Amino acid sequence: MKNLSDKINQLKKEKNAVILAHYYQEEAIQDIADYVGDSLGLSQIASTTDADIIVFAGVHFMAETAKILNPNKKVLVPDMEAGCSLADSIPVEEFKAFKALHPKHIVVTYINCSAEIKALSDIVCTSSNAEKIVASIPKETPIIFAPDRNLGKYINQQTGRNMLLWDGACVVHEAFSIEKLLKLHAQHPQSKIIAHPESEMHIIDVAEYVGSTAGMINYVKEHPKDSFIVATEAGILYKMQQEVPDTELVPAPSKEDNTCACSECAFMKVNTLEKLYNCLKNESPEIIVPESTRKRALLPIKRMLDLSN
Ligand code: 13P
Ligand code: SF4
């Protein structure tokens, strides 16, 4: 009897499929994936793959980005319900009205948004390249940054800009408790706090390093002798610990009184190995993006990829 992973690997070969997974996916999915990465890394892989089918084990906006880049490939997701609170925080009609109030502004959108919102943007960014993308826009040009107010505030601080911010947030990163974090740090004073820029400013202010999931992993790899308190979704600890097996990694505590004291993204975690197997077997659920939206969303994504090379 073949196990699920063997069956997935066989289907992958038969169908010339590639499996892309985000660092927040469950361990079994990360283990079977061809590539595990952050939003930028996975978009870069999606833009160059020669597979016929892309199975995207992440959340909807990530798979949708892969489809925008690959109109002639089939892009599958294990579960169509894998959404994102940031993408949900920016309804299209409301954003259109907001944009219309500021016609001179360049629109920079964080990749965590729908294809329709990307289609209303001038350039997309991820947490890996947001600073670089914003810095590439002339200082005197006003900018709308959407949808993450926390990333926007952080980039304003880093670049000295005064971007107009959409009021969206990530439920997972806003769940970290600064009081509990400071208490934990007092118990581990030698540990360095590292944080994702979707976190609130009081968390970012006490962090030694702020960056994307891939950036955080690289940072601990560069400092394997230190110990770390990690303020992002707990799924990252799996790959991070594999990279630095002897380094102490402690998850940052959330406001909730949960038993593991760590934060999980419920959207990311709706994907399972079994759903991944079924989606590859049935070639469903499949991501479909209307062609007119896709074409308009492609340009700001391409601009980002060109600037990130
Ligand atoms: P990264 O691009 O840093 O992996 O972030 C994705 C995300 O959704 C963080 O919550
Ligand atoms: Fe969206 Fe936050 Fe989940 Fe990332 S962690 S997918 S930003 S809800």
Side-chain angles (χ1 to χ4, degrees), residues 20-42 44-45 58 125-132 135 150-151 153-155 157-159 170 172-256 258-265 268-269 308:
L20 309 186
H22 188 265
Y23 289 122
Y24 298 163
Q25 290 295 283
E26 65 172 41
E27 295 176 6
I29 292 182
Q30 293 194 42
D31 283 344
I32 199 139
D34 296 290
Y35 300 95
V36 185
D38 69 354
S39 307
L40 177 65
L42 294 172
Q44 287 168 325
I45 299 281
C125 70
T126 76
S127 51
S128 309
N129 58 22
E131 202 178 320
K132 188 174 177 185
N150 292 318
L151 178 61
K153 275 183 209 165
Y154 174 65
I155 300 300
Q157 186 201 62
Q158 292 301 105
T159 59
C170 162
V172 179
H173 289 86
E174 286 216 330
F176 293 119
S177 158
I178 185 65
E179 291 79 17
K180 287 189 190 173
L181 177 62
L182 293 176
K183 217 165 152 185
L184 181 68
H185 195 229
Q187 288 159 3
H188 302 258
Q190 77 293 351
S191 291
K192 292 182 169 155
I193 298 169
I194 55 172
H196 195 279
E198 288 172 17
S199 308
E200 290 174 278
M201 202 44 100
H202 53 227
I203 303 282
I204 287 180
D205 281 344
V206 296
E208 180 96 14
Y209 173 81
V210 178
S212 75
T213 50
M216 292 168 87
I217 291 175
N218 285 336
Y219 188 76
V220 300
K221 276 170 74 180
E222 284 161 12
H223 304 85
K225 292 205 163 52
D226 293 332
S227 63
F228 295 94
I229 300 175
V230 183
T232 192
E233 209 267 0
I236 197 175
L237 295 167
Y238 181 57
K239 264 284 175 285
M240 205 179 250
Q241 197 72 79
Q242 282 179 339
E243 295 286 355
V244 287
D246 300 323
T247 303
E248 187 191 22
L249 303 172
V250 182
S254 70
K255 293 167 191 162
E256 295 293 315
N258 54 18
T259 45
C260 74
C262 58
S263 293
E264 293 213 326
C265 174
M268 285 278 180
K269 297 304 197 272
S308 305

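The figures that follow rest on heavy atoms only: side chains count, while hydrogens, waters and symmetry mates do not. These figures come from a predicted structure and were not determined experimentally.
Side-chain contact between Gln190 and Ser227 is present, with at least one heavy-atom pair separated by less than 4.5 Å. Annotation: side chain of Ser212 is not in contact with side chain of Leu40 (no heavy-atom distance under 4.5 Å). The shortest side-chain heavy-atom distance between Met216 and Thr232 falls under the 4.5 Å cut-off. Taking the side chain as every heavy atom from C-beta outward, Thr213 and Tyr24 approach each other to under 4.5 Å. The shortest side-chain heavy-atom distance between Val220 and Tyr209 does not fall under the 4.5 Å cut-off. Inter-residue side-chain proximity for Val206 and Ile178 is flagged as met; some heavy-atom pair is nearer than 4.5 Å.
Atom CE of residue Met268 and atom OH of residue Tyr23 lie 12.5 Å apart, to the nearest 0.5 angstrom. Taking CD1 of Ile236 as the reference point, atom OG of Ser263 lies at 12.5 Å (rounded to 0.5 Å). With values rounded to the nearest 0.5 angstrom, Gln44 atom CD is found 12.5 Å from Tyr35 atom OH. We find the CD-CD distance between Glu26 and Glu264 to be 10.0 Å, quoted to the nearest 0.5 Å. The CE atom of Met201 sits 8.0 Å away from atom CG of Asn150, with the distance rounded to the nearest 0.5 Å. For the atom pair CD of Gln157 and NZ of Lys153, the computed distance is 11.0 Å after rounding to the nearest 0.5 Å.
In plain terms, the two heavy atoms of Pro253 and Leu181 that are nearest each other are CG-N, 3.7 Å. Closest non-hydrogen pair, Thr247 versus Asp226, comes out as CG2-O, 2.9 Å. Closest heavy-atom contact between Ser308 and Asn129: OG-ND2, 3.0 Å. Here the closest non-hydrogen pair linking Tyr154 and Pro197 is CD2-CB, 3.8 Å. Listed here is the closest heavy atom pair of Ser199 and Ile204: O-CD1, 3.4 Å. Of all heavy-atom pairs between Val244 and Lys221, the closest is CG1-CA, 3.9 Å.
Put simply, the side chain of Thr159 never gets that close to the backbone of Ala135: no donor and acceptor are under 3.5 Å apart. Looking only at distances, no side-chain donor or acceptor of Lys239 sits under 3.5 Å from a matching main-chain atom of Gly37. Judged by distance alone, the side chain of Gln242 and the main-chain N or O of Pro245 form no donor-acceptor pair under 3.5 Å.
A side chain to side chain contact (heavy atoms under 4.5 Å, CB included) with Cys265 holds for exactly one of Gln25, His22, Glu233; it is Glu233.
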Decide salt bridge (Lys or Arg N to Asp or Glu O under 4.0 Å) for Glu222 and Lys192; before the verdict, give the C-alpha distance in whole Å, the side-chain angles of both, and the deciding distance to 0.1 Å. CA-CA 13 Å; Glu222 284 161 12; Lys192 292 182 169 155; over 6 Å; no
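Aromatic ring pairs are classed by plane angle as parallel below 30°, tilted from 30° to 60° and perpendicular above 60°; the pair His223 and Phe228 is perpendicular.
Side-chain atoms of Thr126 and Asp38 form no donor-acceptor pair, as typed in the model, at a separation below 3.5 Å.
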